[in-house]
Amino acid sequence: MKFRKLSIQKSSELIENIENFTAFLDTLKQLIRVPSVIGYEHSFFLYLKRELDELGIKTLYYDGILVAQGNEPNSGMLSAHIDRHGLVCTGPNEFQFAAFQSKNRIDLTGNSVSEQTYQTIASRFINQQVQAYEPWSGSYLGIGQITEVYMNEQINNLMFKIEGLEHLLPGTPVAFVDKLEINDELISAQLDNVISAAIIIYLYQNGYQGTAFFTAQEEAGRSWRFVYDWFKKNQITTSELLVLDTSPYNTRVEAEFQDVVLRNRDANARFKSPLLKLLKNFCHKNNIDFSCKDSFIQEKNKKLSAENLPLLSLGSTELGRIVKESKGSIQGTTLQIPTTGYHTVEETATVKSIKSVLYILKNLLIKNESNV
């Protein structure tokens, strides 16, 4: 893969004036309005499938994964999970955090950021509006408001009381009511990880002809299984799987220290892909600030260790599980957007970060006469 030869000044101007960015935001707004609670993603998959079918992109929908392929499926391999945190009715006016129901815990090993933070953000959900929907069609079933959140130690999950949805039956998904907010150079919504789905659609709209995987149940640690099974069924290996996601930080200062986030590894495996070096070199040459999340966490842990405080996990990613389970036969790297307000409808990213990711991917994956 080759990148355009651009001066730092020229590349900065192109990042700022990224082509069709308004259209990207329009796509993101539409996707945010379609619920996709973990374990109940079917209606969102169908929405994505329709968008891609209209673009002439071949789509194959399997259990837990939608595979999209352009005219040159080997020209790139992207992956993004499309499930979002939400609730599920488990009894009379009883709702649980969907990702951490007992039936969803089989693939959770305790080292994901979600598992380590979800208890601490419980208070953020008070007074949050939520909407119930039929899990297969996505049909609207009513709106309510969270009035109480508490931790049930016996089942190790958050429990919710909701005013207005007392009529629901067990097994009904309940999504957070959400819409995209744009404030100066920041955008906010439940971005994890609908923003990556919007990025992939944008790439197909602008000429990408490779492969993309949209996966379910990442927040329960399962999405890697669907991708890995696809590779095994098709007897394919790769060293260039690029996984798109958001990356959480505690403060805006921490988040805005970099435009994009890369990784050398996670808690499961080290990433050994030529893509990682390509991404680092491209960022250096085009004045895009980046950091590696594993290095950031390791530096934090040095300070925590010196103060005898609990250490942070390197995080468990979809890619890390794939690399580990495939024994390295499938490799790749990650490209992430730094955010704050993780796992809430106020998750926030800078416009600059989003434009930087779009710019990188267009240069990396889309052929045109400017590539040399």
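What you are looking at is a predicted structure, and each value in this text was computed from that prediction instead of being measured.
E148 CD: more than 12 foreign heavy atoms inside a 6.0 Å radius. Residue K179 places its NZ atom among 12 or fewer non-hydrogen atoms of other residues, nucleotides or ligands, all under 6.0 Å distant. For N234, the CG atom is densely surrounded, since the number of other residues' heavy atoms within 6.0 Å is greater than 12. With a 6.0 Å radius and a threshold of 12 heavy atoms from other residues, nucleotides or ligands, K303 has its NZ atom at or below the threshold.
Side-chain contact between L203 and L78 is present, with heavy atoms from C-beta onward closer than 4.5 Å. The shortest side-chain heavy-atom distance between I288 and V260 falls under the 4.5 Å cut-off. The side-chain heavy atoms of N156 and M151, taken from C-beta on, include a pair separated by under 4.5 Å. Inter-residue side-chain proximity for L186 and E181 is flagged as unmet; no heavy-atom pair is nearer than 4.5 Å. The side-chain heavy atoms of I38 and H81, taken from C-beta on, include no pair separated by under 4.5 Å. Here the side chains of T27 and Y202 are not in contact, with every heavy-atom distance at 4.5 Å or above. F24 has its side chain within reach of I199: a pair of non-hydrogen atoms, C-beta onward, lies under 4.5 Å apart. By the 4.5 Å heavy-atom criterion applied to side chains, K280 and N264 are counted as neighbours.
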> Checking side-chain contact (heavy atoms from CB on, under 4.5 Å) for the pair V130/F160: CA distance, chi angles, key distance, verdict?
Replying inline: CA-CA 11 Å; V130 291; F160 297 77; over 6 Å; no

> Do F231 and F213 pass the ring-ring contact (aromatic ring centres under 6.0 Å, His included) test, and can you show the C-alpha distance, the side-chain angles, and the key distance before you say yes or no?
Replying inline: CA-CA 11 Å; F231 276 100; F213 306 104; 5.6 Å; yes

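At a cut-off of 3.5 Å, with distance as the only test, a side-chain donor of E347 or T339 sits close to an acceptor on the other residue. At a cut-off of 3.5 Å, with distance as the only test, a side-chain donor of S223 or E318 sits close to an acceptor on the other residue. In this structure, a donor-acceptor pair under 3.5 Å is absent between the side chains of E51 and Y204. A donor-acceptor contact under 3.5 angstrom links the side chains of T340 and R252, judged on distance only.
Without hydrogens or angle criteria, N301 side chain to L312 main chain gives a donor-acceptor distance under 3.5 Å. Remark: the backbone N or O of N71 is paired with a side-chain donor or acceptor of Q209 at under 3.5 angstrom. Judged by distance alone, the side chain of D266 and the main-chain N or O of A269 form a donor-acceptor pair under 3.5 Å. Although no hydrogens or angles enter the test, the distance criterion places a donor-acceptor pair under 3.5 Å between the side chain of Y208 and the main chain of T211. The backbone N or O of P248 sits less than 3.5 Å from a side-chain atom of K293, completing a donor-acceptor pair. The backbone N or O of A23 sits nowhere less than 3.5 Å from a side-chain atom of N20 that would complete a donor-acceptor pair. Proximity of a side-chain donor or acceptor of N193 to a complementary backbone N or O of L244 within less than 3.5 Å is detected. Side-chain N or O atoms of T334 include none that pairs as donor or acceptor with a backbone N or O of V243 at under 3.5 Å. For D294 (side chain) and L314 (main-chain N/O), no donor-acceptor pair under 3.5 Å exists by modelled atom type.
Each of I195, L31, D26, I187 was scored for a side-chain contact (heavy atoms from CB on, under 4.5 Å) with L180, with one residue passing: I187. Checked against D229 for a salt bridge (Lys or Arg N to Asp or Glu O under 4.0 Å), the options K232, R225, K233 give a single hit: K232.
Hydrophobic cluster membership is shared by Y62 and I330, with clusters built from Ile, Leu, Val, Met, Phe, Trp and Tyr side chains linked at under 4.5 angstrom. Both I366 and L52 sit in one connected hydrophobic cluster of ILVMFWY residues. Membership requires side-chain heavy atoms under 4.5 Å apart, directly or through other members. There is a path of hydrophobic side-chain contacts, each under 4.5 Å, that joins L60 to L241. Linking ILVMFWY side-chain heavy atoms closer than 4.5 Å, directly or via other members, places L55 and Y47 in a single hydrophobic cluster.
Between S326 atom OG and Q331 atom CD the span is 7.0 Å, to the nearest 0.5 Å. Put simply, CG on L319 and CG on D245 are 11.0 Å apart, with the number rounded to the nearest 0.5 Å. Atoms CZ and CD1, from F214 and I65 in turn, are 10.0 Å apart once rounded to the nearest 0.5 Å.
Of the charged side-chain nitrogens involved, at least one lies within less than 4.0 Å of a carboxylate oxygen, so that K352 and D259 count as a salt-bridged pair. Under a 4.0 Å N-O distance rule, the pair K300/E254 qualifies as a salt bridge.
Between F125 and F176, the ring planes lie parallel to each other; the angle is under 30°, not in the 30° to 60° tilted range.
Every residue two or more places apart in sequence or in another chain that forms a side chain to side chain contact (heavy atoms under 4.5 Å, CB included) with P35 is listed here: Y133, A175. Listed by chain and residue number, nothing satisfies the side chain to side chain donor-acceptor pair (under 3.5 Å) test with R50 (two or more places apart in sequence, or in another chain).
Within the structure, ring-ring contact (aromatic ring centres under 6.0 Å, His included) contacts touching residues 238-266 (residues at least two apart or in different chains) are Y249-F296.
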